[in-house]
A.B. asks: 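Sharing a structure, written as structure tokens. Questions coming.
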Amino acid sequence: MNQITFKQYRSIDLTLICVITAVFETVATLATNKWFNLQAMAISIMLTMTCIALMRWSAYAVIPSVIGSLTFCIVSSATPIQYIIYCGGSVFSLLSLVIIKRIGKEKLRRDFVWRLIFVSFTYLSIVFGRWLISLIFEPSLMSLLTFITTDILSLLFAVVVMSLLKGADGMIEDQKEYLLRLDRESKEEESANLNDPFSK
């Protein structure tokens, strides 16, 4: 069986992330609308999956980010304006690439404080993105507060999940670096076995 290329691996991985995002976003949105429709806050998996994708694939994270917002809008029977605000706001998650470039993915993965800053910055980037787009249709400072408070549980959820995943090999690691590391470790193991007379 032929090995898949890196581009194929990336496509498969991003597809799985998008499917997981869409499924869980649907469940979370339906649950919120059915049981917690009177609450001022909601929970979404989109932020969590966006942060994971940013760590794994950098700019390609915009795909699951938009998919998550698109799913939310579809399930919520959103208006065309809400589609523009939520999906457009998700694109602003790419601002977190600035932190990734300056700090490095490995340090973000290992250090809780930097990981917290990274997740929070991604959250605020999306929130401010939505707010800035909403100003086109209805200039209001209060809408910013609404965007921030509504998804605050999503931020807490993302921080917890990212902390739990930090110890899982390759989960929130740059995938190109991860595959190169696996290949290097495999070659080192093979070399060690060849040099070990008792390995056979």
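What you see is a predicted model, and the numbers here were worked out from it, not measured in a lab.
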A.B. asks: So does Trp131 get a backbone contact from the side chain of Ser134, meaning a donor-acceptor N/O pair under 3.5 Å?
C.D. replies: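 At least one qualifying donor-acceptor pair exists.
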A.B. asks: So, Tyr178 side chain and Arg56 main chain: donor-acceptor pair closer than 3.5 Å or not?
C.D. replies: no
A.B. asks: Could you point out which residue of Arg115, Glu173, Met162 forms a side-chain contact (heavy atoms from CB on, under 4.5 Å) with Met55?
C.D. replies: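 One option only clears the test, and that one is Met162.
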A.B. asks: Who else is in the cluster with Leu180 when I, L, V, M, F, W and Y are joined by side-chain contacts under 4.5 Å?
C.D. replies: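 Hydrophobic cluster check, Leu180: no partners found.
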A.B. asks: side-chain contact (heavy atoms from CB on, under 4.5 Å) with Phe118: which of Leu54, Val113, Ile103?
C.D. replies: Leu54
A.B. asks: Does Gln175 use its side chain to pair, donor to acceptor, with the backbone of Gly170 at less than 3.5 Å?
C.D. replies: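 Between the backbone of Gly170 and the side chain of Gln175 there is a qualifying donor-acceptor contact (under 3.5 Å).
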A.B. asks: So if you build clusters from Ile, Leu, Val, Met, Phe, Trp, Tyr with side-chain heavy-atom gaps below 4.5 Å, do Ile45 and Leu70 land together?
C.D. replies: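 Looking at the clustering, Leu70 is in a separate group from Ile45.
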A.B. asks: What pairs of residues pass the ring-ring contact (aromatic ring centres under 6.0 Å, His included) test when at least one of them lies in residues 44-96, not counting sequence neighbours?
C.D. replies: Phe6-Trp57, Tyr9-Trp57, Phe72-Tyr86
A.B. asks: So, Thr15 side chain and Ser11 main chain: donor-acceptor pair closer than 3.5 Å or not?
C.D. replies: yes
A.B. asks: Please check if atom CD in Gln8 has more than 12 non-hydrogen atoms from other residues, nucleotides or ligands closer than 6.0 Å.
C.D. replies: yes
A.B. asks: Go through the side-chain N and O atoms of Ser96 and Thr122 and say whether any donor and acceptor fall under 3.5 Å apart.
C.D. replies: yes
A.B. asks: Without swapping roles, check the side chain of Thr146 against the backbone of Met142 for a donor-acceptor pair under 3.5 Å.
C.D. replies: yes
A.B. asks: In this structure, would Val98 and Leu108 fall into the same cluster of hydrophobic residues linked by side-chain contacts under 4.5 Å?
C.D. replies: no
A.B. asks: Return the OG to CE distance between Ser93 and Met49, rounded to the nearest 0.5 Å.
C.D. replies: 13.0 Å
A.B. asks: Tell me, which pairs form a salt bridge (Lys or Arg N to Asp or Glu O under 4.0 Å) where one or both residues lie in residues 64-77, sequence neighbours left out?
C.D. replies: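 For residues 64-77: none.
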A.B. asks: Might you work through the salt bridge (charged side-chain N to carboxylate O under 4.0 Å, His left out) test for Lys166 and Asp111, ending with a clear yes or no?
C.D. replies: CA-CA 9 Å; Lys166 74 179 180 66; Asp111 190 282; over 6 Å; no
A.B. asks: Can you tell whether the side chains of Asp174 and Arg109 come within less than 4.0 Å, N to carboxylate O?
C.D. replies: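 A salt bridge is absent here (no side-chain N lies under 4.0 Å from a carboxylate O).
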A.B. asks: Any side-chain heavy atom of Glu138 within less than 4.5 Å of one from Ser143?
C.D. replies: no
A.B. asks: Regarding Arg110 and Glu106, does a basic nitrogen lie under 4.0 Å from an acidic carboxylate oxygen?
C.D. replies: yes
A.B. asks: Quiz question: by atom type and distance under 3.5 Å, do the side chains of Lys101 and Ser58 form a donor-acceptor pair?
C.D. replies: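 No, no side-chain donor-acceptor contact under 3.5 Å.
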